[in-house]
Structure formats: structure tokens, C-alpha cells
Amino acid sequence: MLRFVFSIDGLGEFSPTTIIDTRNLTLRNALDSPLAQDLVFSLGLVELISYWKCVCPPEIVVHCGHLNCDEIDWWKRLWYHGLGEFFYCNEIATNFDDFVRVRCESPMLPRTANKFCSANLALVPVGGGKDSCVSLHLFSEAKRNLMGFTVNDQLARNETFAAAGYSPEQMLRTHRQIDPMLLRVNAQDYFNGHTPFSAIVAFLGLFCAYLIGADELVLSNEASANEPSVLGTDVNHQYSKSYAFECDMNAYIQRRFALPIHYFSLLRPFSELQIAKKFSALTHYHDVFKSCNVGSKKNVWCGNCAKCLFVYLMLAPFLSKADLKEIFGENLLELAELSGELQALLGQTAEKPFECVGTVEEAQAAFRALNGDTSLMQNLLAQWNAEHNLPPAFLSITERMHNYVSTVT
């Protein structure tokens with residue numbers, strides 16, 4: 001169990017925990033090494049921002065580890081951009097330099113050469129949605145060794161992993177518990193809002209990859225995640241899924257830890273629309289995948305949120321109405337109560353929904369295709385995003401996927 005302790009003067013102490021289930025794991029690297037401790041320290045720096053945001057104190061004091069000036073700037077960049085939606089929705093006017101100061105009270109310790117015992121495999125987060133399903137399928141095609149990774153169990157994650165042909169013993173499971181006091185504070189008149197959860201997945205995944213000797217931590221984030229949620233700004237609900245953060249994360253892994261673990265997204269060359277076309281052909285996932293955050297605990301599509309509507313819209317050009325009804329239960333594009341969300345997805349408002357949704361252009365392309373105009377959609381399906389961190393060994397399987405999704409049918 002990992003336990004972190006954060007305190008805010010006048011509010012109290014928070015102590016969230018994370019449990020890593022090691023029962024089916026072969027630990028290749030020491031759980032209590034100085035490097036392991038440093039990885040956990042970094043995970044704590046991501047966790048702390050969920051508690052800091054309650055009152056946004058002007059200073060963060062770090063008692064248990066050291067950060068140099070460049071590293072402080074690195075963390076401030078993650079926190080600042082990862083809290084862009086939080087600042088925007090709470091109408092907090094601030095800037096990168098002034099939103100918080102960081103002071104470290106622990107001295108810098110001498111750094112020794114870090115040993116890493118490789119197991120020659122990839123650690124792949126499994127979210128249970130269409131994106132991670134496509135990544136699992138590509139790994140199956142490539143016959144690459146992997147272990148799945150989850151942050152808190154959900155039925156869709158286990159079922160999609162099984163549908164990809166993997167056994168439960170190939171899943172590394174973690175269980176993250178926020179401090180209950182945070183929920184009580186959130187229910188009161190304190191600040192609340194979105195924090196960069198994908199960065200928690202990144203650092204918890206990095207620690208787990210180190211433990212089991214995984215050389216690669218492979219995400220399923222697409223090119224569409226780079227587009228801001230508030231058009232014309234840098235406010236992005238998906239900042240910690242963006243290419244900018246991916247590059248920052250890789251740089252931090254090399255500079256801070258000197259680990260030969262490569263952090264990248266297998267789907268970065270593709271848009272949501274391209275991934276939807278590929279997924280539409282993977283019918284063995286259609287009964288088990290779920291992308292709805294509202295209904296995730298009950299393993300259902302709520303049918304009343306922007307995420308449900310967006311996934312429906314992406315799949316609609318590629319699946320029959322009967323297939324869509326089998327998945328979602330009804331035609332979400334015909335629901336009057338979702339008309340405002342549809343307008344936001346199509347760029348008819350200043351903000352996209354604050355969800356993990358694709359670009360305005362691809363939403364427009366899918367909508368136009370449903371009305372008989374496929375020109376924009378075919379253009380988008382042919383695109384290839386060259387800003388990615390794919391190792392050469394993965395290019396062939398992604399190029400095959402691109403050949404498939406760009407083919408006019």
C-alpha cells in the first residue's frame with residue numbers, strides 16, 4: 001500500500017492510499033529501492049493537486065523529497081495546464097508564474113546509477129472504452145508481450161481485456177482511494193473541479209512498469225486529445241492526454257529517473273474518427289465496451305451525457321442503426337435533451353463538452369456523413385498525425401491500421 005499525507009492549514013490533513021495487487025506479479029525490480037521511493041514521491045506530487053485545489057493556497061511546501069528549479073517548473077506546467085478547466089470553470093484569474101510557489105525543505109540526495117531488470121514486455125492501461133480495445137487488438141495482431149493495467153476495477157475493463165484474448169493473470173490491478181474528507185470538503189463551499197487524472201495513470205503506471213520490468217508504458221491517447229476544450233484558448237480537459245504532456249513525461253523519465261522505459265501512445269497518429277472506424281469492425285468488443293463516465297460503476301451507457309453522444313456520433317457512420325441501438329439502447333441523436341451537447345460537439349458554442357471527446361471537425365464530419373456528405377469524413381480518415389513517439393517496432397502495425405481506415409468503402 002502507498003499512503004500519502006497532505007495538510008492544508010486551517011482545513012486539516014488528507015491521507016489518500018493506493019494499493020497495488022502483487023499476487024500474480026513477478027517483481028523484477030526492488031519495491032523499496034531509492035528509485036522506487038523516488039517514483040512514489042513523484043506520484044504523490046500528482047496526487048497532491050486534487051487536495052491543493054480545495055483552497056488554492058499560494059505555496060506548496062514539500063517535506064519528503066527534493067526538486068531542482070527545472071523540476072519545479074516541470075511540475076508547475078503539469079499542474080497549471082492540467083488545472084486549466086478547473087481555473088476556467090471556477091473563474092479563477094491567474095497565470096503560470098503566480099498561481100503557486102513551490103518550496104522544498106529536503107536536501108538533494110546523491111544519485112546513484114539505477115539498475116533496471118527488463119522483462120521485455122509492455123504495460124498497457126485498459127480503460128474499457130473503444131480506444132483501449134483498438135490498442136489491445138493491435139497488440140494481439142503484433143503478438144507483442146504485454147500486461148494490462150487498471151486503476152480501480154470496472155467490469156468493462158475486465159471484459160474487454162478478456163475479449164482481446166488475455167487472461168485475468170495478465171492484468172496488473174491497482175486500487176486508488178481518495179481521502180473521504182475530500183468528498184466532504186467538495187460538498188461544502190470550497191473549490192472543486194477537474195484535475196489531470198491521466199497524469200496519475202502515467203506516474204502510477206510508471207511505478208508499476210518499473211516493478212515488473214516493463215520497457216514500455218503504452219497509452220491509447222489519440223491526436224484529437226490535443227484540441228482545446230475552450231476554442232481559442234489552451235484550456236484542455238484532456239491536457240494530460242495530449243502530445244505535449246506525453247513529450248514532457250518522456251523527458252522527465254529520462255532526466256529524473258534515467259529509466260529505459262518509453263512512455264507513448266499507440267494511437268497518437270489517429271483521430272477519434274479513424275479509431276471509431278477500426279473499432280466498428282471489431283464486433284467482439286461491442287457487447288462489452290463502455291466509455292460513459294456517468295454509468296461506469298454500473299457498467300451501463302447512461303444515454304444522457306456528452307460522452308455517450310460523442311461515441312454514438314463517431315460510430316454512427318460505420319454501424320447500422322440496429323447495431324447502434326443494440327449498444328446504446330436508442331438513437332441518441334434524436335434526444336431533445338442532448339441537443340445542447342450536440343451543438344457543443346459541432347462547435348456551435350464557445351466550449352466543447354468538458355469530456356474526453358474528439359475535435360469539432362471530426363464531429364462535423366460524422367454528422368455530415370449521416371446526412372449524405374462524406375467528403376470531409378473521407379479526408380479526415382486519410383490523415384496521419386506525424387507528431388507521435390511511436391518506436392519503429394510499432395510503426396508497421398499502425399501503418400496497417402491506417403491503410404484500413406483510409407480506404408474508401
Side-chain angles (χ1 to χ4, degrees), residues 18-29 117-176 198 200-202 204-222 241 261-268 270 275-276 278-292 296-297 299-300 311 327 356 390-391 393-398 400-401 404:
T18 296
I19 296 172
I20 301 171
D21 187 346
T22 60
R23 286 174 293 182
N24 66 320
L25 301 181
T26 299
L27 300 184
R28 303 252 176 177
N29 296 286
C117 180
S118 170
N120 191 31
L121 58 79
L123 185 64
V124 181
V126 180
K130 61 177 174 41
D131 298 346
S132 63
C133 290
V134 171
S135 286
L136 290 173
H137 178 77
L138 294 179
F139 264 92
S140 297
E141 281 189 343
K143 295 180 171 56
R144 300 276 300 203
N145 293 328
L146 70 75
M147 178 162 279
F149 168 68
T150 60
V151 182
N152 296 337
D153 260 348
Q154 289 179 3
L155 185 58
R157 295 169 185 173
N158 294 314
E159 290 188 338
T160 55
F161 196 61
Y166 298 103
S167 69
E169 291 72 30
Q170 290 173 277
M171 183 75 86
L172 192 163
R173 304 174 194 280
T174 67
H175 307 274
R176 176 176 173 262
S198 295
I200 291 173
V201 175
L204 180 54
L206 179 64
F207 178 57
C208 291
Y210 164 76
L211 293 180
I212 66 172
D215 307 281
E216 295 157 334
L217 179 54
V218 187
L219 289 299
S220 301
N221 302 326
E222 67 290 321
K241 289 186 175 183
I261 298 175
H262 189 39
Y263 174 89
F264 68 97
S265 174
L266 185 58
L267 302 184
R268 187 69 70 188
F270 303 106
I275 294 166
K278 178 66 175 179
F279 178 78
S280 67
L282 306 178
T283 55
H284 54 294
Y285 293 111
H286 291 187
D287 291 339
V288 294
F289 89 109
K290 299 291 185 300
S291 299
C292 173
S296 60
K297 291 183 179 180
N299 197 44
V300 298
V311 177
I327 295 170
C356 293
L390 290 178
F394 285 88
L395 281 175
S396 60
I397 58 172
T398 50
R400 287 199 300 271
M401 175 172 159
Y404 169 77

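Because the structure is predicted, anything quoted here is derived from the model rather than measured.
Scanning all heavy atoms of the two residues, the minimum distance from S220 to S265 falls at C-OG, 3.6 Å. In plain terms, the two heavy atoms of S280 and T283 that are nearest each other are O-CG2, 4.0 Å. When all heavy atoms are compared, the tightest approach of L204 to T174 is CD2-OG1, 3.4 Å. Closest approach of A214 and I261 over heavy atoms only: O-CG1, 3.5 Å. Of all non-hydrogen atoms in C133 and T160, the two that sit nearest each other are SG-CG2, 3.5 Å. Residues L172 and C208 come closest through the heavy atom pair CD2-SG, 3.7 Å.
To the nearest 0.5 angstrom, T398 atom OG1 is 5.0 Å from L390 atom CG. Separating the CE atom in M147 from the CE atom in M171 is a distance of 9.5 Å, to the nearest 0.5 Å. A distance of 9.0 Å separates OG1 in T22 from CG in L211, rounded to the nearest 0.5 Å. A distance of 9.0 Å separates NZ in K241 from CG in L219, rounded to the nearest 0.5 Å. Summarising the geometry, atom OH belonging to Y210 is positioned 10.0 Å from atom CG belonging to L27; distances are rounded to the nearest 0.5 Å. A distance of 9.5 Å separates CD in E159 from CG in D287, rounded to the nearest 0.5 Å.
Remark: the backbone N or O of D215 is not paired with any side-chain donor or acceptor of S118 at under 3.5 angstrom. With Q170 contributing its side chain and S167 its backbone, the two residues share a donor-acceptor pair below 3.5 Å. With hydrogens and angles disregarded, no donor-acceptor distance shorter than 3.5 Å links the side chain of R144 to the backbone of L138. Put simply, the side chain of R157 gets close to the backbone of V151: a donor and an acceptor are under 3.5 Å apart. In this structure a side-chain-to-backbone donor-acceptor pair under 3.5 Å is missing from T150 to G127.
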Checklist line | Full working for side chain to side chain contact (heavy atoms under 4.5 Å, CB included) between H137 and Y285 | finding: CA-CA 10 Å; H137 178 77; Y285 293 111; 4.1 Å; yes

Next item on the list: Evaluate side chain to side chain contact (heavy atoms under 4.5 Å, CB included) for N299 paired with Q154, printing each intermediate quantity in order.
Entry: CA-CA 7 Å; N299 197 44; Q154 289 179 3; over 6 Å; no

Next item on the list: May I have the step-by-step check of side chain to side chain contact (heavy atoms under 4.5 Å, CB included) for F289 and V311, ending in yes or no?
Entry: CA-CA 11 Å; F289 89 109; V311 177; 4.1 Å; yes

Next item on the list: Under the side chain to side chain contact (heavy atoms under 4.5 Å, CB included) rule, what do L136 and L146 come out as? Steps first, then yes or no, please.
Entry: CA-CA 9 Å; L136 290 173; L146 70 75; 4.3 Å; yes

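Proximity of the aromatic rings of F149 and F161 is defined here by a centroid distance below 6.0 angstrom, and this criterion is not met. In this structure, Y166 has its ring center no closer than 6.0 Å to that of F139.
Counting heavy atoms from C-beta on, the side chains of S132 and V124 never come closer than 4.5 Å. When side chains are defined from C-beta on, I212 counts as touching L121, because their heavy atoms get closer than 4.5 Å. The closest side-chain heavy-atom distance from Y263 to L206 is not below 4.5 Å. Side-chain contact between I275 and L267: present, with at least one pair of heavy atoms (C-beta onward) separated by less than 4.5 Å. No side-chain heavy atom of M401 sits less than 4.5 Å from a side-chain heavy atom of E141.
None of N24, N158, D21 except one satisfies the side-chain hydrogen bond (donor to acceptor under 3.5 Å, both in side chains) rule with R173; the exception is N158.
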